[in-house]
Every structure is written in C-alpha cells, then in structure tokens.
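Note on naming: letters A, B, ... go to the chains in the order of the sequence lines (proteins, then strands), and numbering restarts at 1 for each one.
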Number of protein chains: 2
Amino acid sequence: MKPLTIGKVASRAGIGIETIRFYEREGLIAEPPRRESGYRQYPEDAVSRLRFIRHAKELGFSLKEIKELFALRVDPETTCKEIRERAQAKIGDIEDRIQALQRVKRALNGLVASCRGRGPVSECPILDALDQDGTDRR
Amino acid sequence: MKPLTIGKVASRAGIGIETIRFYEREGLIAEPPRRESGYRQYPEDAVSRLRFIRHAKELGFSLKEIKELFALRVDPETTCKEIRERAQAKIGDIEDRIQALQRVKRALNGLVASCRGRGPVSECPILDALDQDGTDRR
DNA sequence: ATAAACTCCGTACTCTACTACGGAGTCAAG
DNA sequence: CTTGACTCCGTAGTAGAGTACGGAGTTTAT
C-alpha cells in the first residue's frame, strides 16, 4: 500500500501526467499529500477515480458532468433526499442515452441486414435512427 | 415538399444557422443547391441528418466519428462485406457503451437504495461502476 | 556518487466544435 | 415599394479539454 508517484498513477490509469495535474487544477481530483520535495503521493484509489473519469468521458460525459457525479456522494451534509433527487435525475439522463444508443444500434443492424439481403444499399436507415423527439431535453 | 431555407432547417433541427454552415464546410452535410440569389435550399431530409448529428454528438461521438457513420452508406462502390464489417465494429463499440452506461446506472441506483436504507452513504459505489479493464480498447 | 529517469511549476500552445460580427444583398408581408 | 427579417461570406473569437516546453530540483539504480 505504499503511495504512488504521479507517473505510476498516470500509467495505471491510462492517462498522461499533465492531464492529472490538469484535473487537479480543475478540482476533479483532490490535491494529494506531498513529500518534502514537493512530489505528489497518491493513494491507490486515485487510480480508480482517474479510470472512472476516463471511462465516463468516453461515454460522452463532460468534465463538469463528471464532477457532478462525484458530488453525489461527497459531503455528508447533503440530505438523503437531495442526493436521491440528483441521482435520479442522472439516472434519467443515462436512460435517455441508452435509448439513443440503442436506436443507433438498431439502425446499424438494419444496415447490416439490408446489406446481407443483397439489395442496393442506397437508402439510409441510419438517418431514421435518431430522428424523433426533435425538441430539446436537458 | 418545398425546399427549406437555412433558417427553417436550423430551427427544425434544433441547431444554429452558423453551425449548419460549419458542418457544410466540414463535409458533414452536402452542399445544398442554391437559388439564383445564392440562398441555400434544403430538402426536408436535411433536417433528419442534422438531428442525427445532434443526437450522436450528445452521445459522445465526435464529428469525425459521425462522418465515419455516414461514410458507411455513401459510396455505392463499397462492398457489402466491407460495410458489414465496419458497421459491425461500430455496433460492438456501441454495445460496450451501453454496458458501461448500465453499470453507471446500477451504481446510481445502488446509491439511491443505500440512501433510502438510511445507512451512512460515505462509501462510493460509483467508482466501481466503470472500474474494470484498465487497459485500452477502441 | 553519478547518470538516467522522474517530478516540479508556470506558461503557452493545440485541437475541436462552435459562435459572433458586420457589411451587403434578398425576400416577403403589408 | 418599403421595411424588417433573413441570408450571404469571410474572418475572428471562445470554451473545453488537454498537451508541450523547459529549466531546475529529486530519486534511484548501478
């Protein structure tokens, strides 16, 4: 359980050193303790947090949204009610995204099918995939 | 079925006029025909395409990726096999994303539940949600 | 005990995806 | 036939998310 240097954390989490410092500046991760020399010393679980950030980004969450996800559990002063409400809002959000992804997937499947069927692929099922609910949510 | 001006297209698709011109420059949408005055004239289905772009972006696809999705069906010279392969790769990709989102969702649900259960919410189920496969895919 | 590798910091640069500006021409409703 | 809304274009600016630089100090493996 010895603390990790920034370089170790970076390679384990699969991101760059500069990015970690950047996230620290942006408040996505806590400032870690330092040794006398000023070197950062990370506990193991910093790696999980950074991986989470990486994956969440790949899913299309912005850094701001990721911060909000983290905020759901920090401070023990937040009332349960509030946490529940915010979490549930996020869940709704995520469900929307899943729906939308499933539509894209169906469209691509349609493409594959029509292709297998050997007919001309000229017309485009992808376009219909997400076309509905033209109005804004979020 | 009369053609639409850029402004109409923009409002129906839920994006800005400048953004449409930008997408045109970037090759995400075709240059539409113009009337003598130079005004762009869009067919109805331009709206679908733009909505598709908007939704795909919300899902975390970059413009470049979106272009790749579209490229799956443009040129009729691409072999069926190739289209199928590329489409299937994208499908796999999307399935991964759906899985990941479902993990986040489960984590949030857990959060809500543990909260309702009244125990201390101190420890963080969210972090585990996406934490696995530390290595890169894509 | 010394070289190679690592870390520090602030600043500056890059890339993506818009968004705004502004002057000039065009359209359409009254 | 005017006037207010719309569109044209090129260029410039912005926000978000990193990424690079470079000189100086620190660790660590041999």
Side-chain angles (χ1 to χ4, degrees), chain A residues 2-43 46-47 49-71 130 136 138, chain B residues 2-43 46-47 49-71 130 136 138:
Chain A
K2 51 182 53 165
L4 306 165
T5 61
I6 195 170
K8 295 258 191 268
V9 172
S11 65
R12 292 193 193 179
I15 63 180
I17 290 175
E18 313 277 356
T19 307
I20 293 179
R21 299 207 308 114
F22 170 71
Y23 286 164
E24 185 181 315
R25 281 199 297 280
E26 297 296 302
L28 273 123
I29 56 174
E31 295 190 28
R34 311 282 190 115
R35 48 169 96 165
E36 270 108 79
S37 60
Y39 279 31
R40 290 169 179 80
Q41 301 202 100
Y42 291 94
V47 176
R49 194 171 175 109
L50 287 166
R51 278 192 195 152
F52 178 89
I53 294 173
R54 177 159 71 86
H55 290 304
K57 265 182 29 59
E58 285 167 9
L59 294 174
F61 292 95
S62 68
L63 296 188
K64 199 172 151 214
E65 286 172 312
I66 293 169
K67 231 153 118 178
E68 284 166 23
L69 284 178
F70 283 134
L130 295 174
D136 278 324
R138 310 169 160 279
Chain B
K2 51 182 53 168
L4 306 166
T5 62
I6 196 170
K8 295 258 190 267
V9 172
S11 66
R12 292 193 195 181
I15 62 181
I17 289 175
E18 314 276 357
T19 306
I20 293 180
R21 298 206 311 114
F22 170 72
Y23 286 164
E24 186 181 314
R25 281 198 300 277
E26 298 293 303
L28 273 125
I29 56 175
E31 295 192 29
R34 310 283 190 114
R35 49 168 94 163
E36 270 108 81
S37 61
Y39 278 32
R40 292 169 177 82
Q41 302 203 102
Y42 292 93
V47 177
R49 193 172 175 107
L50 287 166
R51 278 192 196 154
F52 179 89
I53 295 172
R54 178 159 70 87
H55 288 304
K57 265 181 28 59
E58 286 168 8
L59 295 173
F61 292 96
S62 68
L63 296 188
K64 198 172 150 213
E65 287 173 313
I66 294 168
K67 233 154 119 178
E68 283 166 23
L69 286 178
F70 284 133
L130 296 175
D136 279 325
R138 309 169 162 278

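- Per the geometry, CG belonging to Leu4(A) stands 16 Å off P belonging to dT27(D), to the nearest Å.
- At least one donor-acceptor pair under 3.5 Å links the side chain of Arg51(B) to the backbone N or O of Arg12(B).
- The side-chain heavy atoms of Val47(B) and Tyr42(B), taken from C-beta on, include no pair separated by under 4.5 Å.
- Residue Ser37(B) places none of its side-chain N or O atoms closer than 4.0 Å to OP1 or OP2 of dT7(D).
- One interatomic measurement links the two molecules: OH of Tyr39(A) to C1' of dT26(D), which rounds to 4 Å at whole-angstrom precision.
- Within the 4.5 Å cutoff, side-chain heavy atoms of Arg21(B) are placed close to those of Arg40(B).
- Heavy-atom nearest nucleotides on DNA chain C were determined for Arg34(A) and for Ser62(B), and the one closer to the 5' end corresponds to Arg34(A).
- Boundaries of the chain A contact region on DNA chain C are dC6(C) to dG10(C), first to last in 5' to 3' order (nucleotide atom under 4.0 Å from a heavy atom).
- In this structure, the CG atom of Leu59(A) is 15 Å from the P atom of dA17(D), given to the nearest Å.
- Atom CD in Glu36(B) sits roughly 18 Å away from atom P in dT7(D) (whole-Å rounding).
- Looking at Arg25(A), its side chain never comes within 3.5 Å of a backbone N or O of Ile20(A) through a donor-acceptor pair.
- Nucleotide dA17(D) holds its C1' atom 14 Å from the CD atom of Glu58(A), rounded to whole Å.
- If Gly16(B) and Arg35(B) are placed on DNA chain C by their nearest nucleotide, the residue sitting closer to the 5' end is Gly16(B).
- Seen from the ring of Phe70(B), Arg49(B) counts as a face-on cation partner, given the 6.0 Å and 45° thresholds.
- If Thr5(A) and Lys64(A) are placed on DNA chain D by their nearest nucleotide, the residue sitting closer to the 5' end is Lys64(A).
- Non-hydrogen atoms lying under 4.0 Å from DNA chain D are contributed by Ile17(B), Arg21(B), all within residues 17-31 of chain B.
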Exercise for the section: Go through the steps for Lys67(B) and Glu26(B) under the test salt bridge (charged side-chain N to carboxylate O under 4.0 Å, His left out), then give the verdict. Expected result: CA-CA 9 Å; Lys67(B) 233 154 119 178; Glu26(B) 298 293 303; 5.6 Å; no
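- Both Gln41(B) and Lys57(A) lie near DNA chain D, and the one whose nearest nucleotide falls closer to the 5' end is Gln41(B).
- No side-chain heavy atom of Thr5(A) sits under 4.5 Å from any side-chain heavy atom of Gln41(A).
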